[in-house]
Amino acid sequence: MFDLPLFPLGSVLFPGMTNSLYIFEDRYKDMINTCLEQRKPFGWVLIEEGREALGPLARPYRIGCTAQVFRVQPMEQGTMNITIIGQDRFEIKSLNYNHEYLSGSVELYPLTRNNPERIERNEQRLRPLVERYLDTLAKAEDLEFDPMQLPADPVEFGYLAAAILQQITNPQKQRLLSLPGASRLLSEIYSIYYREVALLDMMAERGDKAADEPFSLN
C-alpha cells in the first residue's frame, strides 16, 4: 500500500493509453509540480460524485489508473498542458485530505490472466469486430486504417478496444476498467462491439439505400 495523489476527472484512463490535460487550478498545479519533482505518477480516477474543477474535492470511484507525465508545456501564470500515459490499475483503500488536492492510500490492482487459452479465444473473436469498427470510422473520415498497428498483446488490445468505444458512458467504461480478469474483460468488450458493429452496419445499409433512391424536390 502506498500514498498516491489523486486527480478526479470526468473520463476513464486505461493502462497504456495517452491523454492530455490543461492544468490551471492552483491545487493541481501544486500536485503536478510535486509529481514532476519526485518523478512519480498521479492517480487518474473517474468522478462518482462532484465536479472536476473550481469546487469541493469530488468523490472518485475506487478503481483508477496511475498516470505518468511524459510531456509538459509550461504556460502563463504557472498553468501547463501535460501529456500522460496510463500505467497501472490501483484500488483506493482510503482517502486522505492532507493537501489541497485529494490523495489516497492505494494498492496496485493488476489484471489477472488466468486460463490463457480462454483469453486467446476471446481476443481472437473480438479482434475482427474491432478492426471492422475502426475501418468503418476511418472510412467515414476519409482515412486509412492499418490493423497491423493494433497491439498484439491481448490485454493491451482489450484496453485499447475499451478506450476507443464512442457510444458507451463513462460509468460503463469504469466497469470495464474495474473487471478483475483479462478473459472477462475481453468477453464483455466483445458483447459491446457485437452490438456496435451491428448498428454501424445497419446505418451503412440505410445510407446506401437512401443514396439509391431517386431525388425529387416535389
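This chain uses plain numbering: 1 for the first residue, then up along the sequence.
Considering only heavy atoms from C-beta on, W44 comes within 4.5 Å of L21 through its side chain. Counting only heavy atoms from C-beta outward, the side chains of Y22 and M75 approach each other to under 4.5 Å. Taking 4.5 Å as the limit, every side-chain heavy atom of I164 sits out of range of all side-chain heavy atoms of L137. Using a 4.5 Å heavy-atom threshold, the side chains of L177 and Y61 count as separate. Residues R118 and N122 are in side-chain contact: their nearest non-hydrogen atoms beyond the backbone lie under 4.5 Å apart. At a threshold of 4.5 Å between non-hydrogen side-chain atoms, the residues I84 and L13 count as touching. Put simply, the side chain of D3 does not reach to within 4.5 Å of the side chain of N98, judged on heavy atoms. Between F145 and L150 there is a side-chain heavy-atom pair separated by less than 4.5 Å.
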Residue pair Q167, R195: steps toward the side chain to side chain contact (heavy atoms under 4.5 Å, CB included) verdict: CA-CA 10 Å; Q167 302 302 321; R195 295 192 299 269; over 6 Å; no

Is there a side chain to side chain contact (heavy atoms under 4.5 Å, CB included) between L185 and I189? Walk through the geometry before answering. CA-CA 6 Å; L185 171 69; I189 295 174; 3.6 Å; yes

For side chain to side chain contact (heavy atoms under 4.5 Å, CB included), just list the numbers for L6 and L95, CA-CA rounded to whole Å, side-chain angles, deciding distance to a tenth of an Å, and then say yes or no. CA-CA 9 Å; L6 299 175; L95 293 173; 3.7 Å; yes

Take Y133 and Q166 through the side chain to side chain contact (heavy atoms under 4.5 Å, CB included) test and state the conclusion after the steps. CA-CA 11 Å; Y133 179 83; Q166 298 181 355; 3.7 Å; yes

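In terms of hydrophobic clustering, with Ile, Leu, Val, Met, Phe, Trp and Tyr side chains grouped at heavy-atom distances under 4.5 Å, I85 and I82 are assigned to different clusters. I63 and F2 fall within a single hydrophobic cluster, where Ile, Leu, Val, Met, Phe, Trp and Tyr are joined by side-chain heavy atoms under 4.5 Å apart, directly or via other members. In the hydrophobic clustering of ILVMFWY residues, with side-chain heavy atoms under 4.5 Å counting as a link, I92 and L108 come out together. Under the 4.5 Å side-chain heavy-atom criterion for ILVMFWY residues, no single connected hydrophobic cluster contains both I168 and I47. M17 and F70 are members of different hydrophobic clusters when ILVMFWY side chains are connected at heavy-atom separations under 4.5 Å.
Q38 and T34 share no donor-acceptor pair across their side chains, judged by distance under 3.5 Å alone.
Counting non-hydrogen atoms of other residues, nucleotides and ligands closer than 6.0 Å to CD of E120 gives a total of 12 or fewer.
For the atom pair CZ (R51) and CG (L9), the distance works out to 14.0 Å, reported to the nearest 0.5 Å. Rounded to the nearest 0.5 angstrom, D30 CG and I32 CD1 are separated by 10.5 Å. To the nearest 0.5 angstrom, I119 atom CD1 is 9.5 Å from D153 atom CG. The OG atom of S178 sits 11.0 Å away from atom CG of L111, with the distance rounded to the nearest 0.5 Å. With values rounded to the nearest 0.5 angstrom, L36 atom CG is found 6.5 Å from M80 atom CE. Taken from CG in L126 to CD1 in I192, the straight-line distance is 10.0 Å, to the nearest 0.5 Å.
When all heavy atoms of N170 and S11 are compared, the closest pair comes out as OD1-CA, 3.7 Å. Minimum interatomic distance between M31 and F7 (heavy atoms only, all atoms of both residues): CE-CD1, 3.5 Å. When all heavy atoms of N96 and L102 are compared, the closest pair comes out as O-CD1, 3.7 Å. Taking each heavy atom of F42 and C35 in turn, the nearest pair found is CB-SG, 3.9 Å. Residues K173 and F14 come closest through the heavy atom pair O-CZ, 3.5 Å. Residue L46 comes nearest to G10 through the heavy atom pair CD1-C, 3.7 Å, listed as atom of the first residue, atom of the second, then distance.
Ion pairing between R121 and E117 fails under the 4.0 Å rule for side-chain N and carboxylate O. Using a 4.0 Å cut-off between a side-chain N of Lys or Arg and a carboxylate O of Asp or Glu, D26 and K29 qualify as a salt bridge. At a threshold of 4.0 Å, the pair E100-R27 does not count as salt-bridged, since none of the basic side-chain nitrogens sits closer than that to a carboxylate oxygen.
Here the options are D142, T136, D135, the test is side chain to side chain donor-acceptor pair (under 3.5 Å), and the partner is K139; only D135 passes.
Between Y101 and H99, the two ring planes are parallel [angle under 30°; tilted spans 30° to 60°].
Between the S105 side chain and the K93 main chain, no donor and acceptor come within less than 3.5 Å of each other.
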